[in-house]
There are 2 protein chains.
Amino acid sequence: MNIGEVAIQTGLPAKTIRYYEDIALITPRRADNGYRSFDASDLHKLTFLARARALGFAIEDCRLLLELYEDESRASADVKRVAQDHLGKIEAKIADLKAMHETLAHLVAACAGDDRPDCPILNGLSELPERTANKAMNHLPLDAPHSNA
Amino acid sequence: MNIGEVAIQTGLPAKTIRYYEDIALITPRRADNGYRSFDASDLHKLTFLARARALGFAIEDCRLLLELYEDESRASADVKRVAQDHLGKIEAKIADLKAMHETLAHLVAACAGDDRPDCPILNGLSELPERTANKAMNHLPLDAPHSNA
DNA sequence: CTTGACCTTCCCATTACTGGAACCTTTATG
DNA sequence: CATAAAGGTTCCAGTAATGGGAAGGTCAAG
């Protein structure tokens, strides 16, 4: 099976599939013409990866999950721990986003949105906040870049 | 005022402040020794930027907001539109994350998490989902990279 | 034979920084 | 006064996970 067909089957862009081979998540064999030739196992792995990515797992988590998936003697506890960790991160992000949303929604609601320059949003961004929730005002820029290592 | 003190005042890392100068968000003057010398206006702008970033605005949105902030003849409608756009993106991300969370939480709950290999999480990632919510299973990898352009 | 649809590799761009090297300036101390 | 520590400077590279596009090989059809 060529990469185009695999892309269709898995929903992953061909570019992404090549990248996954690059970082050794999959190792499809090569046909004589140099084309990648994907078998059922490759397809399963890619499907697995696509699902794990869709659930927001980082690539390295996916790698780990894939290893566990292939390891018949795994302990489900290991899988569960990875998943629970990730669940925790998702919850943290949701909390951050909700805090941002609340603060911003207040500002937006207070803004007339007309042709006059007076703007509570800009005021809120320049003045020190008064009664708006801003626990998320520490810099956690939407996706907590390196804070979780 | 030197960069270190500004870093303390604004809560922004010195590296970030230099970066903001690099991309022309601020243009502090230079002292004779080559050090950046920040005045009150620079400090205000950086504080503004820090707050806008904390609310999740992208750098280019921050640039725009900063321009509006400095423009005495702005229309608050312009500001409001930017903020509302962003609010929409935040809502979309929250929705994605919630969908992920729901799916993953179900799987985690079903996993024994012991030393046996049997694992509903891995099963859920490999088999085609049955009754789990997966509207977010299209690939929106947590932060919707290029989908909003 | 050529067109077009595939496939290949390779390199650059993205976002918003962070880390580190190599080097200069200022300040504090023995 | 010498020196070391604590600041500052620039520049280069790396991050996560792709996406875009160039330059070129391969294959099936007309």
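Just so it is clear: chains get the letters A, B, ... in the order the sequence lines come, proteins before strands, and each one is counted from 1.
For the pair A:Leu12 CG and D:dA17 C1', the computed distance is 12 Å after rounding to whole Å. Protein atom CD1 of B:Ile17 is 15 Å distant from nucleotide atom C1' of C:dA16, rounded to whole Å. Rounded to a whole Å, the OH atom of A:Tyr19 is 16 Å from the C1' atom of C:dC11. A straight line from CG of B:Asn2 to C1' of C:dC24 spans 14 Å, rounded to a whole angstrom. With rounding to whole Å, A:Phe57 atom CZ is found 17 Å from D:dA16 atom P. Distance, A:Asp32 CG to D:dG25 P: 18 Å, rounded to whole Å. The distance between atom CD of B:Glu60 and atom P of C:dT15, rounded to the nearest whole Å, is 8 Å. For the pair A:Leu46 CG and D:dT18 C1', the computed distance is 15 Å after rounding to whole Å.
Distances shorter than 4.0 Å separate some side-chain N or O of A:Thr16 from OP1 or OP2 on D:dG19. Proximity of A:Arg36 to the phosphate of C:dT9: a side-chain N or O atom is located under 4.0 Å from OP1 or OP2. Residue B:Arg30 places at least one side-chain N or O closer than 4.0 Å to OP1 or OP2 of D:dT10. Between B:Tyr20 and C:dC17 there is a side-chain N or O to OP1 or OP2 distance below 4.0 Å. The phosphate of C:dG19 has neither OP1 nor OP2 within less than 4.0 Å of any side-chain N or O from B:Arg18.
Picking from D:dA17, D:dT9, C:dC7 the nucleotide with the shortest atom distance to the side chain of A:Ile3 gives C:dC7. Comparing D:dT9, D:dT18, C:dC17 by their nearest atom to the side chain of B:Arg53 picks out C:dC17.
Mapped onto DNA chain D by nearest heavy atom, B:Asn33 and A:Lys15 fall at different nucleotides, with B:Asn33 at the one closer to the 5' end.
Each of B:Ile26, B:Leu43, B:Thr10 was scored for a side chain to side chain contact (heavy atoms under 4.5 Å, CB included) with B:Phe38, with one residue passing: B:Ile26.
No salt bridge links A:Lys93 with A:Asp96; every basic N to acidic carboxylate O contact stays at or beyond 4.0 Å.
With hydrogens and angles disregarded, a donor-acceptor distance shorter than 3.5 Å links the side chain of A:Arg63 to the backbone of A:Ile23. Remark: the backbone N or O of A:Glu127 is paired with a side-chain donor or acceptor of B:Arg51 at under 3.5 angstrom.
Note on B:Ala58: only backbone sugar-phosphate atoms sit closer than 4.0 angstrom, heavy atoms only; bases stay farther off.
Using modelled atom types, one finds no donor on one side chain facing an acceptor on the other under 3.5 Å when comparing B:Ser76 with A:Arg116.
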